[in-house]
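Numbers restart at 1 for each chain; the letters A, B, ... are given by sequence-line order, proteins then strands. The analysis underlying the following values was restricted to heavy atoms, covering all of them including side chains, and did not include hydrogens, waters or symmetry mates.
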Amino acid sequence: MGMMESLAQLREEAEGKLKDVQSSEELEQLLVDVLGRNGSLTSILRAMGKLASEERASVGAFANKVKSSLEAVVAEKRAALGEIAKQRRFAEEALDVTAPGQLADPLGRLHPMTQTYRLIRDALVGMGFSMFDGPEIELDDNNFTLLNLPKDHPARDMQDTFYINENVVLRTHTSPCEIRALTTLTPPFRLLMPGRVFRVDEVDASHSPVFHQIEGFVVDKGLTLGDLKGILDSFVHAVFGEDVKTRLRPSYFPFTEPSAELDVSCSICGGKGCRVCKGTGWIEILGCGVTNPHEIANCGYDPKVWTGLAFGLGVDRMANLKFGINDIRLEYENDARFLRQF
Amino acid sequence: MKLPKKWLCEYVDFNVTNAEFIEKMMWRGFECAGVEKELSGVEGVVVGRVLSVVKHENSEHLHICQVDIGSEVLTIVTGADNVFDGALVPVAVVGSKLGGREMAAVNMRGVTSYGMLCSGAELGLTNADYPGSEVHGILILQEEHPLGQSIDEALGFDDDIFEFELTPNRPDCISILGMCREAAAALGQSFREPSIKPVKGEGNTADYARVTIENYDLCPRYTARVIKDIVIEPSPAWMQRKLRAVGLRPINNIVDITNYVLVEYGHPMHAFDLACIHGSHIVVRTAHDGEIVTTLDKRERAVTPDMLLIADESRGVGIAGVMGGLNSEITEQTQAVLFESAVFKGSNIRATARKLKHVTDAASRFIKGVEPVSAELALERAVELVAELKAGTVVGEIIDVKKEKPVDREITISVDHINALLALDLSAKEMAQMLATISIHARPTLGGLHVTIPHFRTDIESGIEADWDIAEEIARIYGYYNIKPTLMRGDTFRGRIDDLFLLDDAVKDTLVALGLYEMYNYNFTSPSVFDSLLLPKDSELRKAVRILNPFGEDQSLMRTTLIPGMLDSLVRNANRKSGHLRFFEVGNTHVDTGAELPEERKKIGIVLGGAGVDFYLLKGMIEELFRVLGVKNAVFQKSEASYLQPGRAAEIVSASGASLGVFGELHPDVADGWKADGRVYIAELSFSAIAESRTAGKRFEPLPRFPAAERDLAVVVDADLESTVLKNVIETAPAGVIVSDVRLFDTYAGIGIPAGKKSLAFSFSLRAEDHTLTDEEIKRGMDAIIDALKENGAPLRA
């Protein structure tokens, strides 16, 4: 048999075997057997040296053709086998995607009050407010007297107070920080003063003897009630979104005049009226006003020159409103099932 | 403050819906808490006709009625004997309310009753309101009414009563007239202010009574009037009805007149039985030491010299502004009365009422503030009513004792200043017109406004606050909703979150990343927690600030440590099986240092319970926190904190020697005290010490350019040796190369290790800055480390 015939036969046999190959191992073995160093094609090619040169050229060309066609068939087969193996893997490794995920170290949670406080703070800092801090246990003077609430002022009954002694109280609001700011800093300034406050309120769904406020306090020349409205609108929209409506209505506080309270449209019912907003469609979130001139004068400034704008908002209530929490007690029970939701 | 709509309509034209009125009042600063029906607690009760009455088979005293309520005929069982065929009666149908309680169908001895026939009393009526209201039985209506008509409409008791919440600056509005004045302005209507017809009495008042004020500071004005030939009887129906509408119980004509005037004018009055006033002489004086006054509520009250009394020539006959005395009470036998209408100093009445723990309605009025002009008006009004009701014969003239005549206060305010405060541009004339709508007379002057403050507006100051007071009135009238929101002008400000607030954020964010949930616990704590924490008697943590008026002893102290609150919450979570027992809290504690204000100490607390927690997990969290915050070179050493298990307690000390905090495993006795199951680990760190121990700013350290050789070794040492000692030995051995990342990765005692010893296994890295170490360098380094360990009593484990 001539070399050409041997080559043709080899190709035929190899192609036949390739067709039957089932696995990549078989394929690789076949490759070694045919195209490997000691493979059948190789041994045929080795015998080429014995041929005459003109014959060698034509046999060589044919041998290369056989080799490349075999290689092409092998590549095709390899791809096909690879695809089969992948499909098998996909089938075997299919998972229940509805089964729960697993975390070695799950994250903790920030209390909803902290989250709300940060939202409010960030909105105010964006308007040029800086932070200021004051103590939770305060002088009666700072908490009341210098804020235009002298002893025996009837409005002292508005805020039932925990006393430490005649001159020291648990602060009933963050407003004493205003006195500390006026007596230690030099206006103009824009301050935000967060903190815990205390009132003699028996615990129920909407009252807690411990709660949180953020006091906003701006002192500058030429401030107006319109400016106060502008500040409040901006930050309410930052916290509750653009769709919420606000309503600034007259009220009374001894430390502001004119005084106002800010209502926002009830996020629970969308303003239609529900249990949370007592059917009014509005929820009060803060008290505010133009700083009472007595307070400015008590701290050594001329109220005709320096105007103050102040607001004190309840963080607890805003957190409840933001997240739809219907019972303030949940904020202080620290039940993990509650905290996990935020 | 209750404002009945019909009463309002006597003085103001009411031309809007209730909802519109409520909104208009809200914009004036008067918040309406709700609208009540005149028949309180009655809802959905209708007129029905009794078609038939049959005796109940199973009962001696029950009757079964067929009652036509227009839309249907109901079977109703009643116990009353006075119903008859054809009677028109009030029917509380199923779903209606009576006394606030909802009616349901009830089975009465085998017969279902679909509602109830009502008596006058059940509707809250008396004979004066409707004849037959007080009979024993069902109220029989006297006139024809459509069947099914609402009973309040049928009887004419269908008024709406607005309940307004007043702010403390407007005591003048704790009165019908005050509210009507504001309501008229809010509605854009005129206020038909009633005028009082002064009554000229018979005879000379001085022949009947006289008044002396000993303390004008506490009682600037005392007016009085004598009425003789008193006829005590029920007051007329119209008066009773109005009193009931505002929540007062009619008593008799004289008492009702004082109450009526109180509601109408807001000024508290009192009526004394003149026969009981010794010497017919009222003396307004402070109490004597040891004096006792028995008040109308029959309680003996010990009064003190700081309290003001109304006395006669021998004894107290009332505690001024708080309550009258029992010894001069109006009775059926009273023949002559002395009406008192006075002004008492609010702060003194406040102190007295608080001291006596008896804040009466009258006292609260004096506390909120009354004024001398209204005192006289109220008295004249009462006298007018006496004449109108023919309750007695008015005597002579008014008795009016006062130090000075009340005069209207005049102020001049700056129009420009008010415009500037409110961002408005109103003329003086416009302002004057606005103020006139609330009875404040003002006239423009050069650059200002001259304002006469009406007597009832005690809240408006004539001093420094005047501009602001008037600005508030202008803003109220102009409408807050009309003021445009603006952006603040002037200097620009750089908003800034200060360093300590950022640290607070970083602490919380890091602990959250470490898997902890944030707690908010109350500051109140019990004195018993210190023993529960096994604290020594002299522990600083026992120096708690005490609250004078706490809710109870167990909440009487301000916390000195976060631990008790955190343990409470941890145990609550364990009991509720909430599924998570790893928490932190950042909060203030207070220690009484003897200074005027206690020392406020901000603490960071961590508490770990449940599965998979141990000492080193807690320590790892603290170390990670310190790494993030930039607290370097903190030293961990043994602690003897009483509430931690001995041997599992550590104190952290900063490089400069400050205590950064204490942590460890909760002492088993403490855990028992809290009924905490399993092991609990707890840490309390000082926020301020951590703040001060941070290295300023973080600086980048270049990464190693050449690979390190990682090695480990194990040594055998005494069982009580602290591993840090050997860590230091490894780090400082003369290895000739950089030794880093020294880590204890295994501790072992047991088989193969002699008793009293343990094996410690360390891993570490060896490297050089400028090249890859050769095998020779590594060997030299290891030899040096091994030698150093051996010299320090830590030979290699065989």
Would you mind checking which part of B:Ala513 comes under 4.5 Å of any heavy atom in chain A, side chain (CB onward), backbone (N, CA, C, O), both or neither?
both
Contact class of B:Phe583 relative to chain A, heavy atoms under 4.5 angstrom:
side chain
What part of B:Leu516 gets closer than 4.5 Å to chain A, counting heavy atoms only: side chain, backbone, both or neither?
backbone
Answer key: most heavy-atom pairs under 4.5 Å with chain B among A:Arg118, A:Glu138, A:Lys151, A:Met113 is A:Arg118
Residue A:Asp233 versus chain B: region with a heavy atom under 4.5 Å
side chain
For this output row, return yes or no: ring centroids of A:Phe162 and B:Phe551 closer than 6.0 angstrom.
yes
Once you measure the plane-to-plane angle for B:Tyr520 and A:Tyr332, does it fall in the parallel (<30°), tilted (30-60°) or perpendicular (>60°) bin?
perpendicular
Taking every heavy-atom pair that is under 4.5 Å apart, which of B:His417, B:Arg576, B:Arg572 has the most such pairs with chain A?
B:Arg576
If I measure from the heavy atoms of chain A, does B:Arg582 come under 4.5 Å with its side chain, its backbone, both, or neither?
neither
Which heavy atom in A:Phe129 sits nearest to a heavy atom in B:Met488, and how many Å separate them?
CE1-CE, 4.2 Å
Portion of B:Gln555 that has a non-hydrogen atom of chain A nearer than 4.5 angstrom:
neither
For the interface with chain A, which of B:Leu597, B:Ile22, B:Leu514 has the highest count of heavy-atom pairs at distances below 4.5 Å?
B:Leu597
A:Ser259 backbone acceptor or donor facing B:Glu472 side chain under 3.5 Å
yes
Sort out for me which of B:Ile474, B:Asp467, B:Asp509 touches chain A most, counting heavy-atom pairs under 4.5 Å.
B:Asp509
How far apart are the closest heavy atoms of B:Ile497 and A:Met131, and which atoms are they?
CA-CG, 3.7 Å
Does CG in A:Asp105 sit with more than 12 non-hydrogen atoms of other residues, nucleotides or ligands closer than 6.0 Å?
no
In terms of heavy-atom contacts, does CG of B:Leu487 have more than 12 from other residues, nucleotides or ligands at under 6.0 Å?
no
Criterion salt bridge (charged side-chain N to carboxylate O under 4.0 Å, His left out) on A:Arg121 and B:Asp505, from CA distance to verdict
CA-CA 12 Å; A:Arg121 178 186 72 184; B:Asp505 285 8; 2.6 Å; yes
Would the distance check show the side chain of B:Asp498 and the main-chain N or O of A:Ser130 forming a donor-acceptor pair, the cut-off being under 3.5 Å?
no
Are there over 12 heavy-atom neighbours, none belonging to A:Lys245, within less than 6.0 Å of that residue's NZ?
no
Tell me, side chain or backbone of B:Asp459 under 4.5 Å from chain A's heavy atoms, or both, or neither?
neither
Is a side-chain donor or acceptor of A:Lys229 paired with a backbone partner of B:Tyr480 at a separation under 3.5 angstrom?
yes
Could you tell me which of A:Lys221, A:Met127, A:Glu202 has the largest number of non-hydrogen atom pairs under 4.5 Å with chain B?
A:Glu202
Are B:Asn523 and A:Arg196 close enough that a side-chain donor and a side-chain acceptor fall under 3.5 Å?
yes
Counting heavy-atom pairs closer than 4.5 Å to chain A, which one of B:Gly579, B:Gly479, B:Ser569 comes out on top?
B:Ser569
Please look at A:Glu136 and chain B and tell me whether the side chain, the backbone, both or neither of the residue comes under 4.5 angstrom of a heavy atom of that chain.
both
Per-residue tally against chain A (heavy atom, under 4.5 Å) across B:Leu424, B:Asn348, B:Asn521 peaks at B:Asn521
When you measure from the side chain of B:Asn573 to the backbone N and O of A:Asn334, does any donor-acceptor pair fall under 3.5 Å?
yes
Is the side chain of B:Glu518 donor-acceptor paired with the backbone N or O of A:Leu110 at a distance under 3.5 Å, no angle test?
no
Please say which of A:Arg247, A:Lys278, A:Arg249 ends up in a salt bridge (Lys or Arg N to Asp or Glu O under 4.0 Å) with B:Glu31.
A:Arg249
What part of B:Pro550 lies closer than 4.5 angstrom to a heavy atom of chain A: side chain, backbone, both or neither?
backbone
Identify which part of B:Glu600 has an atom lying under 4.5 Å from any heavy atom of chain A, answering side chain, backbone, both or neither.
side chain
Which answer fits B:Arg494, side chain, backbone, both or neither, if we ask what part of it has an atom under 4.5 Å from a heavy atom of chain A?
backbone
Could you check A:Glu257 against B:Glu461 for side-chain contact (heavy atoms from CB on, under 4.5 Å), going step by step and ending with a plain yes or no?
CA-CA 12 Å; A:Glu257 180 147 40; B:Glu461 259 194 31; over 6 Å; no
Is B:Phe524 close to A:Leu170 at the side-chain level, that is, under 4.5 Å between some pair of heavy atoms?
yes
Decide yes or no on side-chain contact (heavy atoms from CB on, under 4.5 Å) for B:Thr486 and A:Thr224, but give the supporting numbers first.
CA-CA 9 Å; B:Thr486 48; A:Thr224 72; 4.0 Å; yes
Residue from B:Gly515, B:Ala475, B:Pro598 scoring the most non-hydrogen pairs under 4.5 Å with chain A is B:Gly515
Which atoms of B:Arg546 approach chain A - backbone, side chain, both or neither, heavy atom under 4.5 Å
backbone
Side chain, backbone, both or neither: which part of A:Ser251 has a heavy atom under 4.5 Å from chain B?
both
If you count the non-hydrogen atoms of other residues, nucleotides and ligands that lie under 6.0 Å from CZ in A:Arg329, is the total more than 12?
yes
What option among A:Pro194, A:Ala260, A:Pro209, A:Gly126 has the most heavy-atom pairs under 4.5 Å with chain B?
A:Pro209
Can you name the nearest heavy-atom pair linking A:Pro250 to B:Trp27, along with the distance?
CG-O, 3.1 Å
